[in-house]
A.B. asks: 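Supplied in structure tokens, the structure appears directly below.
None of the values given here were measured: they were computed from a predicted structure. Throughout, numbering of the chain's residues begins at 1 and tracks the sequence.
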Amino acid sequence: MALRMRRITLLLVLGLTAISVAVFLWLRPPASDEARRERITRLYKEYRKSFPEVAGVSPAGLRLLRERVNVVLVDVRSAEERAISVIPGAVAVEDFEADLDRYRDAAVVTYCTIGLRSGLYAQRLLRDGTRAFNLEGSILAWVHEGGTLQGPEGTTRRVHVYGRRWNLVPDGYEAVW
């Protein structure tokens with residue numbers, strides 16, 4: 001009986017250890033910029049299933065779009081997230097909704113951390129008749145593609161993310177959560 005209890009205990013310890021290692025690896029951000037970009041792309045593709053009718057625009061596509069048409073960039077993140085940094089020229093959802101007439105002729109591009117919240121918001125805008133797009137990979141893809149950020153003190157390399165799992169900022173940036 002004692003031998004059987006030791007074996008069961010050993011199996012439980014080994015099982016819990018394996019689970020702990022798996023959780024740690026899942027939460028740990030990839031080591032290279034390339035691997036982080038791949039995770040952003042993979043996560044965004046999964047999230048994209050929640051808002052299939054919303055057209056996406058890449059960070060490079062956003063730059064081109066801004067050169068050709070009137071674009072309003074809507075940051076759907078919380079005030080706490082926006083206090084760390086925003087894409088230059090972005091407006092908060094609250095400001096956008098408070099002055100819809102001002103943006104009536106603009107193409108609306110929404111973003112958040114990686115694209116889920118902004119995709120859902122863009123979907124709602126489309127249903128309300130607003131021409132809206134979602135920034136693919138959102139602020140994380142933006143910084144990986146060389147986009148700049150504004151913080152309270154000016155240009156910054158700080159990005160608010162939810163936690164270790166979403167710490168997918170490129171080398172040279174600081175993730176805040």
Side-chain angles (χ1 to χ4, degrees), residues 9-52 54-67 71 73-93 109-123 133-177:
T9 302
L10 179 61
L11 287 174
L12 284 172
V13 168
L14 289 175
L16 290 174
T17 301
I19 290 169
S20 296
V21 168
V23 167
F24 174 76
L25 291 175
W26 180 73
L27 290 175
R28 195 175 90 202
S32 72
D33 275 353
E34 182 179 334
R36 288 188 288 268
R37 278 192 302 271
E38 287 174 11
R39 186 176 287 176
I40 292 165
T41 300
R42 191 172 59 250
L43 287 169
Y44 181 74
K45 282 182 181 177
E46 186 62 33
Y47 297 153
R48 179 94 177 73
K49 295 172 186 174
S50 298
F51 44 89
V54 175
V57 61
S58 69
L62 174 59
R63 285 188 194 92
L64 290 174
L65 191 63
R66 283 175 130 179
E67 291 173 7
V71 173
L73 191 58
V74 180
D75 188 333
V76 306
R77 299 174 306 146
S78 70
E80 178 185 42
E81 293 168 282
R82 293 189 314 266
I84 302 300
S85 61
V86 298
I87 296 174
V91 298
V93 169
V109 178
T110 60
Y111 78 91
C112 58
T113 302
I114 203 161
L116 176 61
R117 292 175 290 167
S118 56
L120 295 171
Y121 184 68
Q123 179 175 265
F133 305 87
N134 191 31
L135 182 58
E136 298 168 346
S138 284
I139 200 168
L140 289 173
W142 177 257
V143 293
H144 272 279
E145 296 297 321
T148 60
L149 298 176
Q150 289 295 125
E153 305 296 319
T155 302
T156 186
R157 295 178 75 78
R158 300 177 77 217
V159 181
H160 191 286
V161 298
Y162 281 120
R164 187 178 310 276
R165 178 177 183 218
W166 289 274
N167 181 7
L168 301 171
V169 299
D171 290 336
Y173 279 79
E174 176 189 355
V176 178
W177 65 85

A.B. asks: Passes side-chain contact (heavy atoms from CB on, under 4.5 Å), L43 versus R165? Steps please.
C.D. replies: CA-CA 11 Å; L43 287 169; R165 178 177 183 218; 3.5 Å; yes
A.B. asks: Going from OH on Y173 to OG1 on T156, what distance comes out if it is rounded to the nearest 0.5 angstrom?
C.D. replies: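 If I round to the nearest 0.5 Å, the distance is 8.5 Å.
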A.B. asks: Using side-chain contact (heavy atoms from CB on, under 4.5 Å) as the criterion, list what pairs up with P88, not counting sequence neighbours.
C.D. replies: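 In terms of side-chain contact (heavy atoms from CB on, under 4.5 Å), with neighbours along the sequence ignored, P88 is linked to T148, Q150.
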A.B. asks: Please check if the number of heavy atoms outside E34 that lie under 6.0 Å from its CD is greater than 12.
C.D. replies: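 No, CD of E34 has 12 or fewer neighbouring heavy atoms, counting only those of other groups under 6.0 Å.
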A.B. asks: Could you please spell out the steps behind the side-chain contact (heavy atoms from CB on, under 4.5 Å) verdict for V161 and L168?
C.D. replies: CA-CA 8 Å; V161 298; L168 301 171; over 6 Å; no
A.B. asks: In a check of side chain to side chain donor-acceptor pair (under 3.5 Å) between S78 and each of E81, R82, E80, which one passes?
C.D. replies: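 For S78, the side chain to side chain donor-acceptor pair (under 3.5 Å) test succeeds with only one of E81, R82, E80, which is E81.
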A.B. asks: Considering only heavy atoms from C-beta outward, does the side chain of I139 approach that of D75 to under 4.5 Å?
C.D. replies: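 Of all side-chain heavy-atom pairs linking D75 with I139, none is under 4.5 Å.
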A.B. asks: Please round to the nearest 0.5 Å and tell me the distance separating atom CD of E136 and atom CD1 of I40.
C.D. replies: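 If we round to the nearest 0.5 Å, E136:CD and I40:CD1 are 12.5 Å apart.
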A.B. asks: Shortest non-hydrogen contact from S50 to L120?
C.D. replies: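 Residues S50 and L120, closest heavy atoms: O-CD2, 3.9 Å.
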A.B. asks: Do S85 side-chain atoms and R158 backbone N/O form a donor-acceptor pair below 3.5 Å?
C.D. replies: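 Checked: pair present.
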A.B. asks: What's the spacing between L140 CG and W166 CH2 if we round to 0.5 Å?
C.D. replies: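 Nearest 0.5 Å value for the CG-CH2 distance: 11.0 Å.
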A.B. asks: side-chain contact (heavy atoms from CB on, under 4.5 Å), that's the test. Do V57 and L64 meet it? Break it down for me.
C.D. replies: CA-CA 10 Å; V57 61; L64 290 174; over 6 Å; no
A.B. asks: How close do N167 and A175 get, heavy atom to heavy atom, and via which atoms?
C.D. replies: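 Shortest heavy-atom contact: OD1-CB, 3.1 Å.
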A.B. asks: Excluding sequence neighbours, so at least two apart, what forms side-chain contact (heavy atoms from CB on, under 4.5 Å) with R48?
C.D. replies: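 Counting only residues at least two positions away or on another chain, R48 forms a side-chain contact (heavy atoms from CB on, under 4.5 Å) with Y44, F51.
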A.B. asks: For the residue pair D171 and D33, what are the closest heavy atoms and their distance?
C.D. replies: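 D171 and D33 have their closest heavy atoms at N-OD1, 2.8 Å.
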A.B. asks: Are N134 and Y111 linked by a side-chain donor-acceptor pair shorter than 3.5 Å?
C.D. replies: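 Per modelled atom types, N134 and Y111 side chains form no pair under 3.5 Å.
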A.B. asks: Minimum heavy-atom separation for L116 to C112, with atom names?
C.D. replies: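 Smallest interatomic distance, heavy atoms only, reads N-SG, 3.6 Å.
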A.B. asks: List the residues meeting salt bridge (Lys or Arg N to Asp or Glu O under 4.0 Å) with R37, not counting sequence neighbours, and say none if there are none.
C.D. replies: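 So R37 forms no salt bridge (Lys or Arg N to Asp or Glu O under 4.0 Å) with any residue.
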A.B. asks: How far does CZ of R36 sit from NE2 of H144, to the nearest 0.5 angstrom?
C.D. replies: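 Between R36 CZ and H144 NE2, I get 6.0 Å after rounding to 0.5 Å.
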A.B. asks: Starting at CD1 of I87, measure out to CH2 of W142 and round the result to the nearest 0.5 Å.
C.D. replies: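 Nearest 0.5 Å value for the CD1-CH2 distance: 5.5 Å.
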A.B. asks: Contact between V74 and S118 at the side-chain level, heavy atoms closer than 4.5 Å - yes or no?
C.D. replies: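 Heavy-atom side-chain distance check fails, nothing below 4.5 Å.
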A.B. asks: Can you measure from OG1 (T110) to CZ (R77) and round to the nearest 0.5 angstrom?
C.D. replies: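 One gets 12.5 Å once the value is rounded to the nearest 0.5 Å.
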